[in-house]
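Data block below; observations after.
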Amino acid sequence: MFSLISTRHRTENLFYNTRVRASISMHWADVIAKDLAERSDHPLIATGISPTGIIHVGSLREAITGESIRSAVEGLGKDVRLIYLIDSFDPLRKRYDFLPEEYEKYVGMPICRIPCPCGKHENYAHHFVQPFLDAVDSLGVHCEIIWTHELYEQGKFAECIDQTFQKRQEIIEILHRISGKPADPNYAPYDPVCAKCGRYTKPLFDTYKFPYVEYQCSCGYHGKADVRKADGKLTWRLEWPAKWKIFGTAAEPFGKDHAAAGGSYDTGKVIAKEIYGIEPPFPIPYEFVQLKGVGQMHKSLGCSVTGLDAIRMTPPEVLNYLFLRVLPSRAIDYDSGLGILDMADEYDRMERAYFSHEYTDAEANSVRAYEIAQHNHVPKELPLQVSCRHLCNVVQMADTFDEQMKVLGRTVDLTDATDRDFKRIKRRCDCVTYWLKAFAPDKIKFSVSPTIPGGTKLMMNDKGFLQSLVSRMNDCVWEPEVISGIIAETGKISPIGLKNAYKVIYQLLIGKTAGPRLGTFLASMDKQFVINRFNQAAHSDM
RNA sequence: GGGCCUGUAGCUCAGCUAGGUAGAGCAUCUGACUUUUAAUCAGGUGGUCGGGGGUUCGAAUCCCUCCAGGCCCGCCA
C-alpha cells in the first residue's frame, strides 16, 4: 500500500517521496496525487516564481510539475486548486548585466515598485513575469495567479509577522539548530521598506508594538512600518512557511536548492510547526534542468537558452511530456539541438500508443506521461500527426502559414483536418521556425533559391541527365514515390551516376550538395517550378 | 567540511519500493523495393547493470565501501 504519509517528512532524503511506488509502472504524479486525495477533499498545491530577472527553463519544470499533480488529483474526483505565487515584493538584489546603468539606484527596492525596463509593462515584476505567464498559459497550466505584494497590501501576512516579532529568539534558535550556521542575535525576520528611499532596511526590534515597528534607514530617514500593509516583508525563510499558513498548502514543488539539508524547506518545516503552528506541505523537490552542449551554442547567439527560448522552440505538449517522462529527482539535459526533434517524435509515438493501446511494459510509464501532459484534456481520437521533422522542411519552403499549408497539403492529406489540428500544426510550425533560426545545426537548414544559385557549374553530362529527367517528369504523377523512382532510374542510367544526380538536383534547388530526401521534398514543391528549374539549367551556358 | 541527486546498449531513459534468466526508443547494420542522403515498413547486432566486498539457493534490485559526474548548504529552480 501507499506509504507516503509515513515517509513524507523524512528530512534526510526529500527525494525519497517521489521514488515511492504503489505498484509497478505507476506514474509519480499519480502516486503523489493519490496520497493527497486520501488526506484531503480540497487539497491546495502551491508553486511560484521570483521574477527578479530573466526566467529559465527550470521555472517551467516547476509549473508543469505542479499542474501535473493538480490534474492527477482532479482526475481522482477531488476539488483541487493550484496557485501560482509571483514574488513581486522581493527586492532587486543587484543590477544584473542586462539592466541599464541607471537601475543601480533601484537595488534594494521591491520589484513591483521599480519601473519596467522596456516601458511597456506596469513595472519591473510584470516585465519579467509576463512572458512567463504567457508560457504557463500555453502549456495548459490551470492556476490562479497571486501577486505577493497584494497579499502584503491586504494584510494577509500580519499575523505571521506579529508572531515572528513575538518569537524572534526562538526563530534564531531554530535557524541555528537546523541550518547549522552560527546564531545571529541581530537576525531580522522582517524587513521594513523605507518610506523615503524605497529600499528594504532593518527594523528596531524593541520599538515593535503591533501593528507598528520603527526603523532607522541608512538613508537617514526614521520611520514606522505597519505590518498590516505593504510596508515591509518577511525574509524568505519565514515568508515561505507563512504562505503555507495563509493558503493551507498541501503540496509544493520546489528546486533542489531549497531541498538541501539545512536549506529553506528544512527550516521552513520546523518554523511551520513551532512558530506558526501548522503542518508543512508535502514536499516535491525536483532536479535542475541543464542545457546540453552549452558551450558551443552560446557563442553564436551571445546568450543561453532561457525559459522563453525553450517555450518558443518546443511545442507545449512536447515540453510538458519532456518533464513528465522522468522522475522529478532526475536531472534533465535540455537538448536544443537535434534532440528536440527526437523528443517530439517520441511524443507522437506515445500518442499513437495511447490510442492504439499497443505498447510494452517499458513504455507504459511514458504513455501515462503523455496522458498527464494533456491535463485532463486528452483528445477524443488520435489527432492528425505531422512530425516536427517534416515541418522543418515545410517551413523552409514557404514564409506564411497559408503557403506552408499549401506546401504541406502536397504530401499530407489535410482534407479532414480540424481546427484543433491546424492549431497544433501552427504551433509546431512556429516552434520549428524559431528553432531553425536560433539553435538548429546548419546541416538541416536550407532555402529554396528563387533562381539557379550563383556559382552553379554543370558539365555536359549533368545537363543530359537533367534533360532526360525532365522528359520523364513532364507527364508523371507528382507523388513522392513516383518522383524518387524516376530520379533513381534516370540517375542510374546516366553517365554521372545516381550519387552525382542527387548532388546536381540539390545544387540547383538549394545550392548545397545534400538536403531533405528528394521524394517528399520535390513533391512538396510546385511541379512546374521544379521542371522549369531543371529545364533552364539544362539549356544554360553554365 | 556537511548533504542531496545521478551512474543500466553508442545516445535518452525504464526496471529498484516488496531480490527470481537484463528492457524500450533513437542511432547503427541488413533486408522490404532496379530509389545510399535529414519521410515509411520489417528484422538483427549491441550491456561483466560505475568498481569491489557482503547477505542469499539466487542481487541491476537489499547492506557496506570506494570511484566518477552534477548540484545544494549566501532568496538564482
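Every chain is numbered from 1 and lettered A, B, ... according to where its sequence line falls, protein lines coming before strand lines. Atoms considered below: every heavy atom in the structure, side chains included; atoms not considered: hydrogens, waters and symmetry mates.
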Which label fits A:Phe446 and A:Phe521: parallel for a plane angle under 30°, tilted from 30 to 60°, or perpendicular past 60°? perpendicular
Applying the Watson-Crick and G-U wobble criteria at under 3.5 Å, what pairs with B:G31? Answer none if nothing qualifies. B:C41
What contact category does A:Ile444 fall into here, base, sugar-phosphate, or nothing, at under 4.0 angstrom with non-hydrogen atoms? base
Assign the ring pair A:Trp240 / A:Tyr265 to parallel, tilted or perpendicular, where the plane angle (0 to 90°) is split at 30° and 60°. perpendicular
Do nucleotides 71-77 of chain B as a string where each nucleotide becomes B, S or -: B if the base has a protein heavy atom under 4.0 Å, S if just the sugar-phosphate does, - if no protein is that close. BB-SBSB
Nearest-Å distance once atom P is located in both B:U56 and B:C11: 37 Å
With a 4.0 Å cutoff (strictly under), does any side-chain N or O of A:Arg330 reach OP1 or OP2 of B:U12? no
Residue-phosphate contact under 4.0 Å: A:Arg325 side-chain N/O, B:G25 OP1/OP2: no
Parallel, tilted or perpendicular: which one describes the rings of A:Tyr103 and A:Tyr124, with boundaries at 30° and 60°? tilted
Once you apply the 3.5 Å cut-off to both distances, tell me the Watson-Crick or G-U wobble partner of B:C71, or none. B:G3
Classify the ring geometry of A:Tyr354 against A:His357: parallel below 30°, tilted from 30° to 60°, perpendicular beyond 60°. tilted
Distance check, C1' atoms only: B:G69 and B:G51, in whole angstrom units. 15 Å
In whole angstroms, the gap separating P of B:C13 from CH2 of A:Trp28 amounts to 15 Å
So what does A:Phe521 hit on the nucleic acid, given a heavy-atom distance under 4.0 Å: a base, only sugar-phosphate, or nothing? nothing
Geometric class of the A:Tyr84/A:Phe132 ring pair [parallel <30°, tilted 30-60°, perpendicular >60°]: tilted
In terms of relative ring orientation, are A:Tyr347 and A:Tyr321 parallel, tilted or perpendicular, with 30° and 60° separating the classes? perpendicular
For A:Gly519, answer base if it contacts any base atom (sugar-phosphate contacts may also be present), sugar-phosphate if it contacts only those atoms, and nothing otherwise; contact means non-hydrogen atoms under 4.0 Å. nothing
Listed pairs, N/O of protein and of nucleotides 39-41 of chain B, under 3.5 Å:
from	atom 1	to	atom 2	distance (Å)
B:A39	N7	A:Arg517	NE	2.8
B:A39	N7	A:Arg517	NH1	3.4

Parallel, tilted or perpendicular: which one describes the rings of A:Phe89 and A:Tyr200, with boundaries at 30° and 60°? perpendicular
Between A:Trp244 and A:Tyr276, is the gap from one ring center to the other below 6.0 Å? no
If you measure only the distance, is there a donor-acceptor pair under 3.5 Å linking the side chains of A:Thr267 and A:Arg237? yes
Within the structure shown, what part of the strands sits under 4.0 Å from A:Glu346 by heavy-atom distance: base, sugar-phosphate, or nothing? nothing
Just call it for A:Leu498: base, sugar-phosphate, or nothing, with non-hydrogen atoms closer than 4.0 Å on any strand. base
